[in-house]
Amino acid sequence: MQQKSLDEFYRMFKTERHEVTDKAPEVNRIENEEVSKEPLKQIEEEIAPRNLPPSYLVSADYDGARGVVYLKLYEPNSQRIYFWYDNTGHKPYLLTNIPAEDLKKLDRIANHPSLDHFEVIEKYDALHDRMITVTKVVAKDPLAIGGKPKGSMREIIPDDYASTFGKIGEAKVWEAAIKYYQCYIFDRELQPGMLYKIEDGELRPYRHEETEKNIRKIVEGLAKEGEKDFLPYMEDWARLLEYPAPKMRRVALDIEVYSPIATRVPDPEEASQPVICASLVDSEGKKRVLLLRRPGVEEGDMNLPSDVSVEFYASERDLIQVIFSALDNYPFVITFNGDDFDLNYLYHRAKNLGFARSDVPIYRDQNTCSLRYGIHIDLYRFFLNRSIQVYAFGQKYRNATLDEIARAILGKSKIELTKSPSELSYGELARYCLNDAELTLELTSYNDDLVMKLLMALTRISRMPMEDVSRQGVSKWIRNFIYYEHRRRNILIPNSEDIISVKGMTVTRARIKGKKYMGAIVVKPIPGVHFNVAVMDFQSLYPSIIKVYNLGYQTVRCPHEECRDNIVPETTHWICKKHRALESALIGSLRDLRVKWYKPKAKDKTLSSEQRNWYNVIQSALKVILNASYGVFGAEIFDLYCPPAAEATAAIGRSIITQTIDKARKLGIEVIYGDTDSLFLKNPTPEQIKMLSEWAERALGMELEVDKYYRYAVLSSRKKNYLGVLEDGSVDVKGLTGKKRHIPLFIKRYFDKIEDILSHVKTPAEFEAAKREIERTIRECYMKLKNREWGDINDLAFEVVLGKMPEAYDKTTPQHVKAAFLLRAKGIEIKAGDTIRFVKVVKEPFVKPVQLATPKEIDVDKYVSYLRSTFDQILDALNLEFDEIIGLTRLEQFM
DNA sequence: ATCTATGGCAAGCCGA
DNA sequence: TCGGCTTGCCAT
């Protein structure tokens, strides 16, 4: 943990009192400045005030020098961050089953310099459904509990108990791996992202009466008979989600660094080269470009937009000083890859230039850079998050690069460079760097500050500091709010190995080799063109199962004999009938709120657009959490990993979909396809749909609804492969090769044409004309290829992402890896995550990176056969033959 | 340090 | 030559 001290901060604050101007400041740095006591008090009053109007709790951390947790609060009117230091005497601790008198016999504990005291407390042990007595070992500082390489109490207690008492493996410790500030949040039931005020030095939650009324309305409206135990959870969630989010004043920062080798970015840990440019773009519209004067650099076109202030600095030190001033002035600082590069570089560069530690406003630990004043959000880390990428942004971008994300989300791109930043004129450099900072800011401001609000919503749900939420994954978010609930209810937080040893592993066998248990059912499709298809699905199937069937680590294979008859189908697991699992209550209530309140409200036209926008943010945040809520049970990295719970969820899902298909057939409905939670019904009557839906509610306790109607659906014989035309003519294409991202643009364009033709078909009669048109299209595509008239060779490139370093492919050498090696031979740097663009060529090794290939090398026949397999997926459902279309006779096919 | 899950398809590699 | 296996991309 970084040692952070308020005193250091005072020094900064004092030097920051003067306004930051747009001109280069005169540098007048005073080393080891003496700070007198009197002004200190005044400054403390300003940054850690005894009274503060309602402000948003955005962060918590530990101040090593003071030995207490401090909070960062964002006051929305002054748009400043204020600090609050713990005054409750809260201290870090762990729990152990070893009685205090035995702990006192362990020398390294009894004489531990940081030991504070022991307490005897009672906790509820959910794994065994009993109260237990544990010793709370309280320490003076968090590192004494854990986090040091060795000598932490969490290691000493089991080790020394074993050696002193000769009882190996008997001493247990709990709750010793929770970050101290997080522990503090739990114990004080703090709600990050929510409003607090400070009154005479005391921190108090602030309640907004109008919003509170709304919350009561929601809870009353959604409460159902028989789900009374959900009410408190619903109310807590609704409060977190209903309170509005503030405008967050922020600045985006991007820097450019000189590099003697054009293709290499300087190592931030060494920081051997000067910072030559920096851009600061803020949420109020202020734009600054800071340039370092260097000999021999051309001016270039310095005619930047009039709202941009361009500032030249003769000394790099001055330039960095100005950046640091900005970092000390904004409550939120946004970067793209600032953890790894920009802030990291500035930190080390400042060190190299001889800045005093207290003049550097950046803290570094492991992989992150934080700020002494504000909140640093690294958008790269946020957009890299898989669940954000998939569920919040619908996989619009594939690689988390600024260029690709900006293109996908903003429709804007980075400025393309033909030379390295070091070789640019001032004008070019300024434009390039400014553009990056503008894109970075815009990624947080587009769509009415969607990303900032999403972060705020996730901060509240996960009950984590905003910096952590933006950097950690969904499994940590989910873990955290479940932990929070444990503490609140005095439930012992179990160790992962305890869950495994009590609950055991899975009992079913997966269909796929290497998987841990059996998953979902996919119904074999009936191939062909089907008109009037209703797609019904269970809304949030897995979260619903977790809710309705009371799943959680404490309820699956619970300790009660009397629950053993409550069996999960196709397994030997049973589920508790006596207690409600925390996961079931938390995930279940979130699901209900999303389905019954936030999704409808996000579309409610009677609400203001700001209100709708916020509800849309909330429903997206919930979607991200809910979609992962089942998966985490089956993920080893999840701290409440419980394979039988994951397995039970999937097993119940199979049972539900199977029963529903049976019921549909009994009702005389033809089921032509289904996957996991959906059913494709051919030409059902409204009555049939209603009966099926009511049956599901009655018999299964699950909500089954029509998701959409297809005018018609084209099913092939393959699972997860179909095409459906909606009533408005838009087309859903699922799983077909023609839509996959790695295939050549040349083929994709023709596939899109066919999709367009199909979207215009309304009746079976129109189908014949459409078929002829499809044939024409395919023939054209084929002829273009045969005649080598594809135009740009780039359009023939397959684009495949390297899953790992090229040399790590030890089993096989796929084509994109072969191409990667060719690139590397040309001196191009290749690493995991790179997209390799290659074409198929006639000569060995039959592939070539598109950059190195010429048109005459292209293996046309390979492309034709690729064309065939791609279009066959649609053609066989339409009763067409690729070879007949392209005019091959039967005889020719054999030659 | 970081990381939800399983099912399914197409293509290509590679050993029997 | 065949079939199992690896890989990447996608569905849910």
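So that the names make sense, note that chain A is the first sequence line, chain B the second, and so on, each numbered from 1.
- Straight-line distance from the CG atom of A/D675 to the C1' atom of C/dC10: 11 Å, rounded to whole Å.
- When ring centroids are compared, A/Y62 and A/Y181 stay outside the 6.0 Å threshold.
- Taking atom CD of A/E799 as the reference point, atom P of C/dC10 lies 11 Å away to the nearest angstrom.
- At least one side-chain nitrogen or oxygen of A/R741 sits closer than 4.0 Å to the OP1 or OP2 atom of C/dC10.
- Residue A/Y722 has no polar side-chain atom (N or O) positioned under 4.0 Å from OP1 or OP2 of C/dC10.
- Taking atom CZ on A/R386 and atom P on C/dG8, their separation rounds to 13 Å, with Å as the unit.
- Spacing between atom CZ of A/F638 and atom C1' of B/dT2 amounts to 16 Å, rounded to whole angstrom units.
- The side chain of A/K513 lies closest to C/dT6 when the candidates are C/dT12, B/dT4, C/dT6.
- Between A/Y483 and A/H486, the ring planes lie perpendicular to each other; the angle is over 60°, past the 30° to 60° tilted range.
- Residue pairs meeting the side chain to side chain donor-acceptor pair (under 3.5 Å) criterion with at least one member in residues 504-515 of chain A, sequence neighbours excluded, are A/T508-A/E647.
- As judged by a 4.0 angstrom heavy-atom cut-off over every strand, A/V817 is placed among residues making no nucleic acid contact.
- When the P atom of B/dC3 is taken as reference, atom CD1 of A/I478 falls 13 Å away, rounded to whole Å.
- Nearest-nucleotide positions on DNA chain C for A/S678 and A/G803 put A/G803 closer to the 5' end.
- Residue contacts for A/R479: at a heavy-atom cut-off of 4.0 Å it reaches no nucleic acid atom on any strand shown.
- Taking atom CG of residue A/L384 and atom P of nucleotide B/dT4, one finds them 11 Å apart after rounding to whole Å.
- Atom CG in A/L679 sits roughly 13 Å away from atom C1' in C/dT12 (whole-Å rounding).
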| query | What string of B, S and - do you get for nucleotides 5-12 of chain B, 5' to 3', when a contact is any protein heavy atom under 4.0 Å? | reply | SBBBSSSS
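- Checked against salt bridge (charged side-chain N to carboxylate O under 4.0 Å, His left out), A/K831 has the following partners two or more places apart in sequence or in another chain: A/D834.
- Looking at A/S59 and A/M466, their side chains never come closer than 4.5 Å, going by heavy atoms from C-beta outward.
- A/K811 has its NZ atom 13 Å from the C1' atom of B/dC14, to the nearest Å.
- Between A/R471 and the phosphate of B/dT2, there is no side-chain N or O to OP1/OP2 separation shorter than 4.0 Å.
- Between A/F680 and A/D675, the closest side-chain pair of non-hydrogen atoms is not below 4.5 Å.
- The shortest distance between the side-chain N/O atoms of A/H816 and the OP1/OP2 oxygens of C/dG8 is below 4.0 Å.
- Note that A/K862 lies in the cation-pi zone of A/F846, set by a 6.0 Å cut-off to the ring centre and a 45° limit from the axis.
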